[in-house]
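What you see below is based on every heavy atom in this structure, not just the backbone, and it leaves out hydrogens, waters and symmetry mates. Chain identifiers are assigned alphabetically (A, B, ...) following the order of the sequence lines, protein sequences preceding nucleic acid strands; residue numbering begins at 1 within each chain.
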2 protein chains.
Amino acid sequence: MDQVEIFKALSNKTRLQILGWLKNPEESFPEQGTYGYADGVCVGQIQVKTGLTQSTVSEYLSSLQRAGLVTSTRKGQWTYYKRNEEAFTALSQIIQSEI
Amino acid sequence: MDQVEIFKALSNKTRLQILGWLKNPEESFPEQGTYGYADGVCVGQIQVKTGLTQSTVSEYLSSLQRAGLVTSTRKGQWTYYKRNEEAFTALSQIIQSEI
DNA sequence: TTGACATATCGGAAAAAACCGATATATATT
DNA sequence: AATATATATCGGTTTTTTCCGATATGTCAA
């Protein structure tokens, strides 16, 4: 668990927004509808909501994943990303005890 | 409280080390001795311990202060920096509830 | 008031991050 | 096999960060 990498991933407004949206995918991405949210939300829907390009958002999601803050699941041609809540709990505790 | 600014301040190994040292100034900076640690630790001692230049460390401490993670007190020709524990408590809670 | 010391600020070179468009890859459909 | 769609990766430009040396400022002591 590389703390610097985690904080770098969190040092960007758009990436913080994405994490916020993934807290309530039903609210933030109602268009996903039928498939459900068990695996999170697919890249394309996140991309539209950010207003940034597909490549940028794909890289942002990778960086969040490298930091351990989200996990990804490939299903067919889609990749779904969802929050890794344990990572946030752990980070919260690290800030209280270690840093 | 600008979250991006806080995380940027935490996105650097040296700045994280400084914050760690300031958790236990008596242990980390025994050379300060006589003056005590009520106001924290002065820039020069932190600078020596980092191995970086005076200007770099001064800027690092400013950025930690802008983020609200430390406070500074001028005493004579010295500036003492100490942790702002409330900020860490607040950040820990923000990570659990907001982010 | 001069000199010594501590810290802050300024200007800049090198490295990293923030994006983008183009292209590659993987899967699904026909 | 060919086409369409979703995502990842690559190469590049611009902006930001990382650090430095030089200089300015602020305080103390002689």
Side-chain angles (χ1 to χ4, degrees), chain A residues 2-19 22 25 29 31-37 39-67 69-82, chain B residues 2-19 22 29 31-35 37 39-67 69-82:
Chain A
D2 182 344
Q3 293 174 359
V4 171
E5 195 170 13
I6 293 173
F7 291 127
K8 276 187 181 164
L10 294 171
S11 298
N12 176 280
K13 197 177 154 191
T14 302
R15 288 192 297 265
L16 286 181
Q17 282 179 332
I18 292 171
L19 291 171
L22 291 180
F29 303 95
E31 61 279 24
Q32 183 154 304
T34 41
Y35 179 80
Y37 304 91
D39 296 318
V41 179
C42 68
V43 179
Q45 307 209 0
I46 298 170
Q47 186 243 313
V48 169
K49 209 158 159 104
T50 61
L52 299 176
T53 63
Q54 188 272 323
S55 63
T56 297
V57 174
S58 177
E59 271 159 20
Y60 279 11
L61 290 167
S62 290
S63 83
L64 290 171
Q65 188 181 22
R66 278 195 305 275
L69 297 169
V70 301
T71 58
S72 75
T73 312
R74 182 102 201 202
K75 281 275 161 72
Q77 40 189 338
W78 292 276
T79 307
Y80 295 88
Y81 284 89
K82 76 171 169 194
Chain B
D2 182 344
Q3 293 175 359
V4 172
E5 194 170 16
I6 294 174
F7 290 128
K8 276 188 183 165
L10 294 171
S11 298
N12 176 280
K13 196 177 154 189
T14 303
R15 289 192 297 266
L16 285 181
Q17 282 179 333
I18 292 171
L19 291 171
L22 292 179
F29 303 95
E31 62 279 24
Q32 184 155 304
T34 42
Y35 179 80
Y37 303 91
D39 296 319
V41 179
C42 69
V43 179
Q45 307 208 1
I46 298 169
Q47 186 243 312
V48 169
K49 209 159 160 104
T50 62
L52 298 176
T53 64
Q54 189 272 321
S55 63
T56 297
V57 174
S58 177
E59 271 160 20
Y60 278 12
L61 290 167
S62 290
S63 82
L64 290 170
Q65 188 180 23
R66 279 195 304 276
L69 298 169
V70 301
T71 57
S72 75
T73 313
R74 181 102 202 200
K75 282 276 161 71
Q77 42 190 340
W78 291 275
T79 307
Y80 294 89
Y81 283 90
K82 76 170 169 195

Q: Could you pick out which residue, B:Ser55 or A:Glu59, lies toward the 5' side of DNA chain C when each is mapped onto its nearest nucleotide?
A: B:Ser55
Q | A:Leu10 and A:Leu69: CA distance, side-chain angles, deciding distance, side chain to side chain contact (heavy atoms under 4.5 Å, CB included) verdict | A | CA-CA 9 Å; A:Leu10 294 171; A:Leu69 297 169; 3.8 Å; yes
Q: State whether B:Ser58 places a side-chain N or O below 4.0 Å from either non-bridging phosphate oxygen (OP1 or OP2) of C:dA8.
A: yes
Q | Separation of atom NZ in B:Lys13 from atom P in C:dA15, rounded to whole Å | A | 18 Å
Q. Within this structure, what is the CD1-to-C1' distance between B:Ile46 and C:dA8, rounded to whole angstrom?
A. 14 Å
Q | Verdict with supporting geometry, B:Lys82 and B:Leu22, side chain to side chain contact (heavy atoms under 4.5 Å, CB included) | A | CA-CA 6 Å; B:Lys82 76 170 169 195; B:Leu22 292 179; 5.8 Å; no
Q: Applying side-chain contact (heavy atoms from CB on, under 4.5 Å), name anything that partners A:Asp39, two or more places apart in sequence or on another chain.
A: A:Tyr35, A:Thr73, A:Lys75, A:Tyr80
Q. If you look at every heavy atom in B:Arg74 and B:Gln77, which pair is closest and at what distance?
A. NH2-O, 3.5 Å
**Q.** Residues in side-chain contact (heavy atoms from CB on, under 4.5 Å) contact with A:Thr50, at least two apart in sequence or another chain
**A.** A:Thr14, A:Ile18, A:Trp21, A:Ile46, A:Leu52, A:Val57
Q. If only side-chain N and O atoms of A:Thr53 are considered, is one of them under 4.0 Å from the OP1 or OP2 phosphate oxygen of C:dG21?
A. no
Q) Between which nucleotides of DNA chain D, read 5' to 3', does contact with chain B run, using atoms under 4.0 Å from its heavy atoms? A) D:dT17 to D:dC28
Q: Scan residues 72-81 of chain A against DNA chain D and write down, sorted by residue number, each residue with any heavy atom closer than 4.0 Å; if none is found, say none.
A: A:Gln77, A:Trp78, A:Thr79, A:Tyr81
Q.
If you compare all heavy atoms of A:Ser63 against all heavy atoms of A:Ala9, which two are closest, and at what distance to 0.1 Å?
A. O-CB, 4.1 Å
Q | Results of side-chain contact (heavy atoms from CB on, under 4.5 Å) for B:Gln65 - residues two or more places apart only | A | B:Val70, B:Ser72, B:Tyr81
Q.
Holding to side-chain contact (heavy atoms from CB on, under 4.5 Å), I want the full list of residues that pass it with A:Gln3, two or more places apart in sequence or in another chain.
A. A:Phe7, A:Ile94, A:Glu98, A:Ile99, B:Leu16
Q. A:Asn12 side chain N/O closer than 4.0 Å to the phosphate oxygens (OP1, OP2) of C:dA18?
A. yes
